[in-house]
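One structure is given below, encoded as structure tokens.
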Amino acid sequence: MSTALPTALELAAAIATGSQTASAVLDEHFARIEAHDGVIQAFLSLNKDQAYATAQGVDDLVKAGNASTLPLLAGVPIAIKDNLNVTGTKTTCASKMLESYVSPYDATVISKIKAHQMPIVGKTNLDEFAMGSSCEKSAYHPTYNPWDTACVPGGSSGGSAACVSAGMVTLSLGSDTGGSVRQPASLCGIVGLKPTYGLVSRYGLVAFASSLDQVSPFARTVEDTAAILQVIAGKDAHDMTSSAPSVLPDYVASAQVGSLATQLAGKRLRVGIVDGFEGEGIQAGTQKAVTEAIARFEGLGADIKRISLTGFKEAIAAYYIIATAEASSNLARFDGVRYGLSERDGVENVYDMFAKTRAKGFGAEVKRRILLGSFALSAGYYDAYYGKAQLARKVLAQSFNQAWQDVDVLICPTSPSVAFKLGEKNDDPISMYLSDVATIPANLVGIPALSLPCGFDEATGLPIGLQLMVPAWEEEKLLAIAYAFQEAVGLKNLVPPAFQALKVTV
Amino acid sequence: MNTVAIESKYEVVLGLEVHVQLNTASKLFSTAANQFGSEPNQNTAVVCHALPGALPVLNAQAVESAIRVGLGLGCEIARYTKFDRKQYFYPDLPKAYQISQFDFPICGVGEITLSNGRKVRILRAHLEEDAGKLVHVGAAGLDGSTHSLVDFNRAGSPLVEIVSEPDMRSKEEAKEYMMMIRNIVRYLGVCDGNLEEGSMRCDANVSVRPWGQAEYGTKAEIKNMNSFRSIERAIESEVKRQIAIVESGGKVIQESRLWNEAKGETVSMRSKEEAHDYRYFPDPDIAPVHIEESWIEAIRATQPELPHEREARLVKDFGLSEYDASVLTEFKELGDYFLSATAFSREYKILSNYLQGDITGILKNEKKAIDETALTPEALAELANLTAQKDVSSAIAKKLLPVMLEKGGLPSALIESLGLKQLDNVDELKVIIAGIVAQNPDNVAAYKSGKDKLFGFFVGQTMKATQGRANPETVNTLVKEALDA
């Protein structure tokens, strides 16, 4: 199953060879946004002037005969989650707290995207401050799943996932703290990659949980995912937690025919199936798709092994302590003193201003997590909660390290279920939290993980995502395995039928 | 019992927390300039305002300075150190947490020995960032102001907080300890040590206990002392307050108290500062720092001379008295001039005398530091040499020095241009002295009848008549000759 919509690499090639201008590419994508975003509501703001200026710059280079100097993906439109700072654009984090906040600086990933002359079409919706798994916790409006608009696109990077899925762009950036890119990628039938912690700079990403956050791309193919990773990866002097190698590998080369054989250096691929994703809590369709995925790997000549990871399922408890503790601290800066919402009328004193500003500016889910996190760090509780959670994190890392002795890649469903209906989990935060059970461990131990389509649920017709996890810094191998699987399963560049009519010419 | 007798029943126990503001070029976690006296919020970057998405990057220069301070205080230097968030809401704290160090400070235990032999143990010294500054509009302080402004120029400035054990036993010891730390950081070149401008601050933990009692009394933490004098006064006042409470059967409350300079008393801060739970936790934005032994050794190898080392050297290498050496050590810039001048003159005692006498006097009047004058060590050295050769008298020196400080130049040249060349011509002087003797027959007679003190009168008149240029020794001889004739 494939669509006629071009991929990001195809667009880049068309622009570079002069068969299409970057401005025309941008026109067609804005036309798609115009046509579809009324229904999907993926965007919080558009950025036409800046985007067209960038496209014009690319076209000028091509016209002047300098197409050979174009950087990778030049002229390819991209959408950005609204928790990444882009100079001169609003960065709301889908919160009332930052409703009118205009950023005065670029996140490092944005600087890189600008250096690659990629037009930034707009900023996308998310659960407020990236806290949620459905995109319903946006303070502005929900985003709808292109495969079924009664369903959520997943979250928190739901806007960035939905706009790629509906073909409004070929690429977007999200952020993944506990699955916020992989889970919506899974629910929207596209590819989402959370890189190794430190591979991509966090500078300019509004922090949710600093030790877990990682800027992460969406695309509709593994090849495009590799290309955008090539653009955004790299060590950054502005981020002390970034630690990428000084010379980046060629990720684009990893997502090609034959790259898996190169990566494995003649050895057989060893695939580990994470135990615990059968039966209760896992949808039948999802389970079936994973079973078929295992067969595909066998077809690729892989050795299959079941792996029981100590603490994999318990990781969710540790995660909700660590993530909320860090969030409670990271979000303390929103106090009404310097920027953003500030409640000043009728306040008794500055503490009253803090309280009223925060009471009004934050939504219920954000408040819930700030309270949880503040409690976890309180005197007398620190050891029992935060200390223990960090210990669980270490145990989990050890069990992963053990697993890497036996397998090259670990697989499991990205999400226990396909996209759920809007409102379905609203009154049940625990159930919402549990939808991240498979994705959270990769954030806790900092390893790269990728979700890509592996099938469709027969009951609902909704896409199902498979998660692949590899050791830290092995993005090349991850992309090679994902590419081989993508080609074997034949699910790539998926766009739901309702969004295929409007063409993009190359 | 009188007050003194009552107070003598108690032993004073003091510990100090000294904040040293490091003079690094940029802030502790930001590239913004670490500089003061600029327009409000001029020296700020995204990190200083805690803009969403901003991340701290540790300043290696600040880490090096902190290691220097640690080595200067004889502290153990940590091989592993990390940063933690200390969380509380206040408008001058942009992130609503201060990046500080909780359980792994950069410097561990050290020790300082006071002049009376008392050893003050240092518990730790850690790096942390400063907060911004509130400016209350419409009143001197918060009370009565219409609104407050916040200036983040200071926000993120690097501080080393040096925490002592409660080892001091008098306000004098506390003051000396503070002065010693000030001198050490100034010698290290990491801080100007200016208390009034806030580049050094201290909080004092004060408690009292009856002599012989093993347990410490309940302490109060005194804040807002911004001079050596206020440190002494605040401690004195707090000790009196605590003794009065204990004597009347009351209990001292553990709390923070603010020193009120105008009222001369400490005031409770409890209303403002409830028992805080700072919810410390490791800052996930800052990777822990592993300090290599080789780095510490490189810093140790380039460690500047410390005050006690200089003092000893001044006595040993230059033959100065202990008193002179201590003055030239305490006033570091004078000592620096002295040492620079010794490259051009071996008249060490004379150099020291000029620096501590005439020059200090002029500097006090002009309210200047020596390095703000035009005086060069070379010129000072020449003056000392000329003095030793008796080509310059103290009277001539008094005329030369103000010019040397204001306009610069070598004394040999100035003597010519100002017409201050010493009058040593015997014949010329004889004529002048003869005139003075002739004009004062009464004094001559009185001198001859035994009033020896009048000798000084004739010398003085001669010096006056020569505008101080006459060689004093020659004048002495000639006046004696004239009077005894």
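Given the structure is predicted, the values throughout are model-derived calculations rather than measurements.
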Response to the item:
Which of A/Ser374, A/Ser329, A/Ser328 passes side-chain hydrogen bond (donor to acceptor under 3.5 Å, both in side chains) with B/Gln87? Answer is A/Ser329

Worksheet entry | Part of A/Arg358 lying under 4.5 Å from any heavy atom of chain B | side chain

Discussion item. For the NZ atom on B/Lys133, are there more than 12 heavy atoms of other groups (residues, nucleotides or ligands in this structure) within a distance under 6.0 Å?
Written reply: no

Worksheet item: Side chain of A/Tyr105, backbone of B/Ala45: donor and acceptor closer than 3.5 Å?
Response: no

Discussion item. To check you understand the geometry: which heavy-atom pair defines the closest contact between A/Tyr351 and B/Tyr90, and what is its length?
Written reply: OH-CD1, 3.2 Å

Practice prompt. Check each atom of B/Val57 against the heavy atoms of chain A and say whether the ones under 4.5 Å are side chain, backbone, both or neither.
Written response: both

Worksheet item: So what's closer than 4.5 Å to chain B heavy atoms on A/Leu212: side chain, backbone, both or neither?
Response: neither

Practice prompt. Sort out for me which of A/Glu326, A/Arg202, A/Arg338 touches chain B most, counting heavy-atom pairs under 4.5 Å.
Written response: A/Arg338

Discussion item. Can you confirm whether more than 12 heavy atoms, excluding those of A/Asp345, are under 6.0 Å from its CG atom?
Written reply: no

Practice prompt. Could you tell me the separation between the CZ atom of A/Arg333 and the CG atom of B/Leu51, rounded to the nearest 0.5 Å?
Written response: 8.5 Å

Worksheet item: Can you say whether A/Asn330 sits under 4.5 Å from chain B via the side chain, the backbone, both, or neither, judging by heavy atoms?
Response: both

Discussion item. Counting heavy-atom pairs closer than 4.5 Å to chain B, which one of A/Tyr203, A/Tyr386, A/Tyr339, A/Phe334 comes out on top?
Written reply: A/Tyr339

Discussion item. Please check if the number of heavy atoms outside B/Glu39 that lie under 6.0 Å from its CD is greater than 12.
Written reply: no

Fill in: chain B contact via A/Ala237 - which portion, at a heavy-atom distance below 4.5 Å
backbone

Worksheet item: Are A/Tyr382 and B/Phe281 an aromatic pair by the rule of ring centers under 6.0 Å?
Response: no

Item to complete: Output the distance between atom CG (A/Asp239) and atom CG (B/Asp285), rounded to the nearest 0.5 Å.
Response: 7.5 Å

Fill in: For the student: nearest non-hydrogen atoms of A/Val337 and B/Val150, plus distance
CG1-CG1, 4.2 Å

Discussion item. Counting heavy-atom pairs closer than 4.5 Å to chain B, which one of A/Ala207, A/Ser211, A/Ser378 comes out on top?
Written reply: A/Ser378

Discussion item. I'd like to check A/His238 versus B/Leu55 (side-chain heavy atoms, cut-off strictly below 4.5 Å). Are they in contact?
Written reply: no

Worksheet entry | Greater than 12 external heavy atoms within 6.0 Å of A/Tyr140's OH | yes

Discussion item. Can you tell me which portion of B/Tyr280 sits under 4.5 Å from chain A's heavy atoms? Options are side chain, backbone, both or neither.
Written reply: backbone

Practice prompt. Tell me, for A/Asn85 versus chain B, whether the close heavy atoms (under 4.5 Å) come from the side chain, the backbone, both or neither.
Written response: side chain

Worksheet entry | A/Lys356 atom NZ, over 12 foreign heavy atoms within 6.0 Å | yes

Worksheet entry | Distance, nearest 0.5 Å, that separates CZ of B/Phe83 from CE of A/Met240 | 7.5 Å

Worksheet item: Between A/Tyr101 and B/Pro52, which heavy-atom pair has the shortest distance, and what is it?
Response: OH-CD, 3.4 Å

Worksheet entry | Contacting moiety of A/Ala107, where chain B heavy atoms sit under 4.5 Å | neither

Discussion item. Other residues, nucleotides and ligands only: do more than 12 of their heavy atoms fall within 6.0 Å of NZ on A/Lys388?
Written reply: no

Worksheet item: Where do A/Val350 and B/Pro91 come nearest, in terms of heavy atoms and distance?
Response: CG2-CG, 3.4 Å

Worksheet item: Is A/Tyr385 atom OH crowded by more than 12 heavy atoms from other residues, nucleotides or ligands, each under 6.0 Å away?
Response: no

